[in-house]
Amino acid sequence: MNKWITAAGLAVCAACAAFGQERAAFEVASVKPSNPQVRSIGLSAWPGGRITITEYTLKQLIHEAYGVQPFQISGGPKWMDEDRYDIEAKPPASSSSSKLTTPNPKLPPPQEELLMLRSLLADRFKLQLHNGTKEGPVYELVVSDKGARLKAAKNADAFPVVAYGRTGVAELPDFMRGENASMQLFAARLALEFQRPVLDRTGLKGAFDFVFKYAKDFGDADAGPSLFAVIQEELGLKLVPAKGPVDLLVIDRAEKPSEN
């Protein structure tokens, strides 16, 4: 699954309540079971609007299409977390997505194509769902007592993103990079890391650039500072445990797709 959080993803999440009102659709789409011998998970958008998705479960597809975190998806059959699919799709020539000229295929599809992906899930997987809410643990992202230590974004036209990465060396910590990122975007990425909602309570406006390293294993002191510690030390922010509403997408129906 993709390890970024983007402004487009947030926009889709905000539109979840209207998921039944949109019927944008791909002109051509192929859905096939993944080859178990190939392990190359990912989602890419290409010039002309073509998208390719490999090794995705239905739950991961819902995560992408609706801009919600996996912990916000409730119910559904067990195979939603197990069976993997490859998808290749092309938008109609009349759509704005067909004019896509992304310089980097690793960037996520535009919001229009995420709406098309919702239609594909309804058509091919017979997906039906509804909104729900439950009370649960959350984190509030706040400014620390010593004040925020954030640098304003250098390029206001840069694609807004907060991405997680690995150094490739087992002994070295992971890292997180933000470019032209709002605090709302950062909070959404932290929610994916902690698997619980993170609410932006910083009051900070605008966009920022940052990069920091942290220990993926929060209990391993030798691996480097934990995500909690590095956010406070390097960014001047703090995560405070709290209770609050957790928005859900509740699965009413899902079927395995038929052969193409």
In terms of heavy-atom contacts, does NZ of Lys99 have more than 12 from other residues, nucleotides or ligands at under 6.0 Å? yes

Assess whether atom CG of Asp145 is packed by more than 12 heavy atoms of other residues, nucleotides or ligands within 6.0 Å.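 Not buried by this count: 12 neighbours or fewer within 6.0 Å.
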
Assess, by modelled atom type and distance only, whether the side chains of Thr52 and Glu88 contain a donor and an acceptor separated by less than 3.5 Å.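 No - no donor-acceptor pair under 3.5 Å links their side chains.
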
How far apart are the C-alpha atoms of Met183 and Leu150, what are their side-chain angles, what is the distance that settles it, and do they pass the side chain to side chain contact (heavy atoms under 4.5 Å, CB included) test? CA-CA 10 Å; Met183 286 295 95; Leu150 289 162; 3.9 Å; yes

Write down the atom of [X], the atom of [Y], and the distance for their closest heavy-atom approach.
| X | Y | value |
| --- | --- | --- |
| Pro91 | Gly49 | CD-O, 3.2 Å |
| Val198 | Ala187 | CB-O, 3.4 Å |
| Ala254 | Met80 | CB-SD, 4.2 Å |
| Val68 | His63 | O-ND1, 2.6 Å |
| Ser96 | Glu112 | OG-OE1, 2.9 Å |
| Ala45 | Ile51 | CA-CG2, 4.2 Å |

Distance in Å, [X] [atom1] paired with [Y] [atom2], rounded so as to fall on 0.5 Å steps:
| X | Y | atom1 | atom2 | answer |
| --- | --- | --- | --- | --- |
| Arg118 | Glu64 | CZ | CD | 12.5 Å |
| Leu190 | Leu227 | CG | CG | 6.0 Å |
| Ser95 | Leu115 | OG | CG | 11.5 Å |
| Phe26 | Leu117 | CZ | CG | 5.5 Å |
| Leu127 | Leu129 | CG | CG | 4.5 Å |
| Tyr56 | Leu43 | OH | CG | 5.0 Å |

Geometric class of the Phe212/Tyr214 ring pair [parallel <30°, tilted 30-60°, perpendicular >60°]: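 The arrangement is tilted - the two ring planes meet at 30° to 60°.
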
Anything under 30° is parallel, anything over 60° is perpendicular, the rest tilted; go ahead and classify Phe228 against Tyr139. perpendicular

Any Lys/Arg nitrogen of Arg149 or Glu234 sitting under 4.0 Å from an Asp/Glu carboxylate oxygen of the other?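 Salt bridge flag = no for Glu234 with Arg149.
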
Carefully, step by step, assess Thr57 and Asp81 under the rule side chain to side chain donor-acceptor pair (under 3.5 Å). CA-CA 6 Å; Thr57 65; Asp81 291 295; 5.4 Å; no

Remaining members of the apolar cluster that contains Val142, side-chain heavy atoms under 4.5 Å: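 Members alongside Val142: Val240.
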
Side chain to side chain donor-acceptor pair (under 3.5 Å) evaluation trace for Ser144 with Gln232: CA-CA 7 Å; Ser144 69; Gln232 187 163 351; 5.2 Å; no

Heavy-atom side-chain contact between Lys238 and Ile231 under 4.5 Å: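 No; the side chains remain at least 4.5 Å from each other.
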
Side chain [X], main chain [Y], donor-acceptor under 3.5 Å:
| X | Y | result |
| --- | --- | --- |
| Ser34 | Pro36 | no |
| Asn180 | Ala158 | yes |
| Gln72 | Asp247 | yes |

Residue from Ile53, Leu121, Ile87, Asp123 passing side chain to side chain contact (heavy atoms under 4.5 Å, CB included) with Val31: Ile87

Find out if a path of hydrophobic residues (ILVMFWY) with successive side-chain heavy-atom gaps under 4.5 Å connects [X] to [Y].
| X | Y | value |
| --- | --- | --- |
| Leu199 | Val162 | no |
| Val138 | Leu185 | no |
| Met176 | Leu141 | yes |
| Ile73 | Val246 | no |
| Val230 | Leu237 | yes |

Please determine if Arg196 forms a cation-pi arrangement with Phe71, meaning its NZ or CZ atom is less than 6.0 Å from the six-membered ring centre and no more than 45° off the ring axis.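 No, Arg196 does not sit over the ring of Phe71.
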
Should Lys90 and Trp46 be marked as a side chain to side chain contact (heavy atoms under 4.5 Å, CB included) after you check the CA-CA gap, both sets of side-chain angles, and the distance that decides it? CA-CA 10 Å; Lys90 178 182 177 182; Trp46 303 86; over 6 Å; no

Indicate, with yes or no, if the rings of Phe186 and Phe210 have centres closer together than 6.0 Å. yes

